[in-house]
Amino acid sequence: MTNTPEQSQLGKPAPCVDRYDPALLFPISRAPKRAELGIAGEPPFFGADLWTAYELSWLTPRGKPQVAIAHVTVPCETPNIVESKSFKLYLNSFSNTPFGSADEVRDRIRADVSEAAWRGAGRQSSVGVRLLLPEQFDQEQVHELDGLGLDRLDIECTQYTPAPELLTAAFDEQPVQEVLVSNLLKSNCLVTGQPDWGSVQIRYSGPQIDQGGLLRYLVSYRNHNEFHEQCVERIFMDIRQRCRPVKLSVYARYTRRGGLDINPFRTSHPGAIPPNVRTARQ
């Protein structure tokens, strides 16, 4: 049986479970939303969802609390996403549970999230998990997405649901390579309708994309209800189909909710995943 977003704990009262419970994780299949985009079978992109968990704590065997920041990398080829409220509830369940070491906590998170993300698949691989302990907190950087800012453009915006027809490119001119960024990405939770605020970086080579149209297109997500991962895949597919770039990557960094931020990255060509460096708003 496939889980649906409506069956999750989103928008519902949930007890605070403070004893380790991996059953709290709630996977949701990526397939239905990808089918809306015309994606069947292997998707035409690579990438991952980069999670940062700021509210992670557990006990030592002697009962002393420990804290850490967790970076979790979920490959986009996993058949499922993990619903974010369930992830928060799962992490909360560590808070009054003794563990022998931070390595043991890391290994539990890796095993549990991997099982949820790959559940129902004929194969299973591993997600990436890295814990930052307090002595490493000073190493955490704040850096904005690199690129030419689209938000400098003085444009009129009238559409607030995804409007791919706003995307155009100069097919009869010389191709270009560009990195374009905007801080004006905003969508809403698929279930609760609560706002999700983000920044987006679009890196491409090919026919030059009309920047005003691209910014209007990104703004058109303002009243759209979808999860972060789904919005980024929709943006990727719309640009791919309308502007026909030779290479394309779309990377969004969303502000945190419930102590978690989710930062999807999708790219047409395999390569390095961006470093999980937060922006000022995160």
Side-chain angles (χ1 to χ4, degrees), residues 16 18 20 25 47-76 82 84-114 117 126-149 151 179 181-186 195-201 203 228-229 232 249-265 267 271-282:
C16 181
D18 61 2
Y20 168 69
L25 290 169
D49 305 321
L50 310 180
W51 293 68
T52 314
Y54 296 93
E55 300 174 5
L56 174 61
S57 183
W58 66 94
L59 303 179
T60 69
R62 299 179 64 190
K64 181 183 176 183
Q66 305 289 288
V67 296
I69 297 172
H71 286 177
V72 181
T73 302
V74 181
C76 71
V82 177
S84 62
K85 184 175 180 180
S86 79
F87 205 161
K88 173 183 172 62
L89 295 172
Y90 163 74
L91 293 175
N92 285 346
S93 78
F94 283 73
S95 63
N96 277 337
T97 305
F99 290 92
S101 67
D103 287 348
E104 183 182 348
V105 173
R106 179 201 61 205
D107 293 346
R108 290 287 182 92
I109 295 173
R110 178 185 292 129
D112 295 340
V113 177
S114 295
S126 179
V127 306
V129 180
R130 181 166 65 98
L131 296 192
L132 299 175
L133 301 178
E135 57 267 26
Q136 300 169 294
F137 288 174
D138 261 350
Q139 300 172 20
E140 287 292 271
Q141 301 177 20
V142 174
H143 184 74
E144 296 305 295
L145 294 171
D146 295 320
L148 177 62
D151 303 345
V179 183
V181 298
S182 174
N183 294 314
L184 303 186
L185 181 62
K186 182 255 183 192
D196 295 321
W197 306 93
S199 300
V200 62
Q201 178 191 68
R203 185 185 303 269
H228 304 353
E229 302 93 333
V232 168
S249 66
V250 178
Y251 180 33
R253 294 200 64 90
Y254 280 88
T255 59
R256 73 182 80 166
R257 283 210 280 130
L260 292 167
D261 65 40
I262 309 170
N263 310 286
F265 173 71
T267 181
I273 299 295
N276 194 354
V277 177
R278 73 181 181 93
T279 65
R281 289 196 298 166
Q282 293 183 298

- Side-chain ion pair, Glu140 and Arg278, N-O less than 4.0 Å: no
Separation between [atom1] of [X] and [atom2] of [Y], rounded to the nearest 0.5 Å:
X: Arg203; Y: Phe265; atom1: CZ; atom2: CZ; value: 8.0 Å
X: Asn92; Y: Lys85; atom1: CG; atom2: NZ; value: 10.5 Å
X: Tyr254; Y: Arg281; atom1: OH; atom2: CZ; value: 10.5 Å
X: Ile109; Y: Arg130; atom1: CD1; atom2: CZ; value: 13.0 Å
X: Thr267; Y: Ile273; atom1: OG1; atom2: CD1; value: 8.5 Å
X: Gln66; Y: Thr60; atom1: CD; atom2: OG1; value: 6.0 Å

- Student check: side-chain heavy atoms of Val105 and Leu131 closer than 4.5 Å: yes
- Close side-chain approach of Asp196 and Arg257, heavy atoms under 4.5 Å: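 Yes, side chains in contact.
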Non-hydrogen atoms of [X] and [Y] that approach each other most closely:
X: Val127; Y: Ser114; answer: N-OG, 2.9 Å
X: Ser182; Y: Leu184; answer: OG-N, 3.0 Å
X: Thr97; Y: Trp58; answer: O-CB, 3.8 Å
X: Asp18; Y: Ser95; answer: CB-OG, 3.4 Å
X: His228; Y: Ile262; answer: CD2-CB, 3.4 Å
X: Pro61; Y: Pro98; answer: CA-CB, 4.2 Å

- Message: Set out, in order, the CA-CA distance, both residues' side-chain angles and the distance that settles side chain to side chain contact (heavy atoms under 4.5 Å, CB included) for Val74 and Val82, then state yes or no.
- Response: CA-CA 9 Å; Val74 181; Val82 177; 5.8 Å; no
- May I ask you to check if Arg108 and Phe99 form a cation-pi contact, with NZ or CZ under 6.0 angstrom from the six-membered ring centre and within 45° of the axis?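 No, Arg108 does not sit over the ring of Phe99.
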- Item | Whether Gln201 side chain and Val179 backbone form a donor-acceptor pair below 3.5 Å |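 No, the answer is negative, given that no donor and acceptor are paired below the 3.5 Å cut-off.
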- Only one of Thr279, Thr255, Thr52 passes side-chain hydrogen bond (donor to acceptor under 3.5 Å, both in side chains) with Asp261, and that residue is Thr52
- Task: Decide yes or no on side chain to side chain contact (heavy atoms under 4.5 Å, CB included) for Leu25 and Asp112, but give the supporting numbers first.
- Result: CA-CA 8 Å; Leu25 290 169; Asp112 295 340; 3.8 Å; yes
- I would like to know whether Arg253 and Asn276 meet side-chain hydrogen bond (donor to acceptor under 3.5 Å, both in side chains); could you show each step before the answer? CA-CA 9 Å; Arg253 294 200 64 90; Asn276 194 354; 2.9 Å; yes
- Item | Working for side chain to side chain contact (heavy atoms under 4.5 Å, CB included), residues Val72 and Phe87 | CA-CA 11 Å; Val72 181; Phe87 205 161; 4.2 Å; yes
- Query: Are more than 12 heavy atoms from other residues, nucleotides or ligands located less than 6.0 Å from atom CD of Gln141?
  - Reply: no
- Worked check of side chain to side chain contact (heavy atoms under 4.5 Å, CB included) between Leu59 and Asn96: CA-CA 6 Å; Leu59 303 179; Asn96 277 337; 4.3 Å; yes
- Task: Mind telling me whether Tyr90 and Phe94 have parallel, tilted or perpendicular rings, with 30° and 60° as the class edges?
- Result: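 Geometry flag for Tyr90 against Phe94: perpendicular rings.
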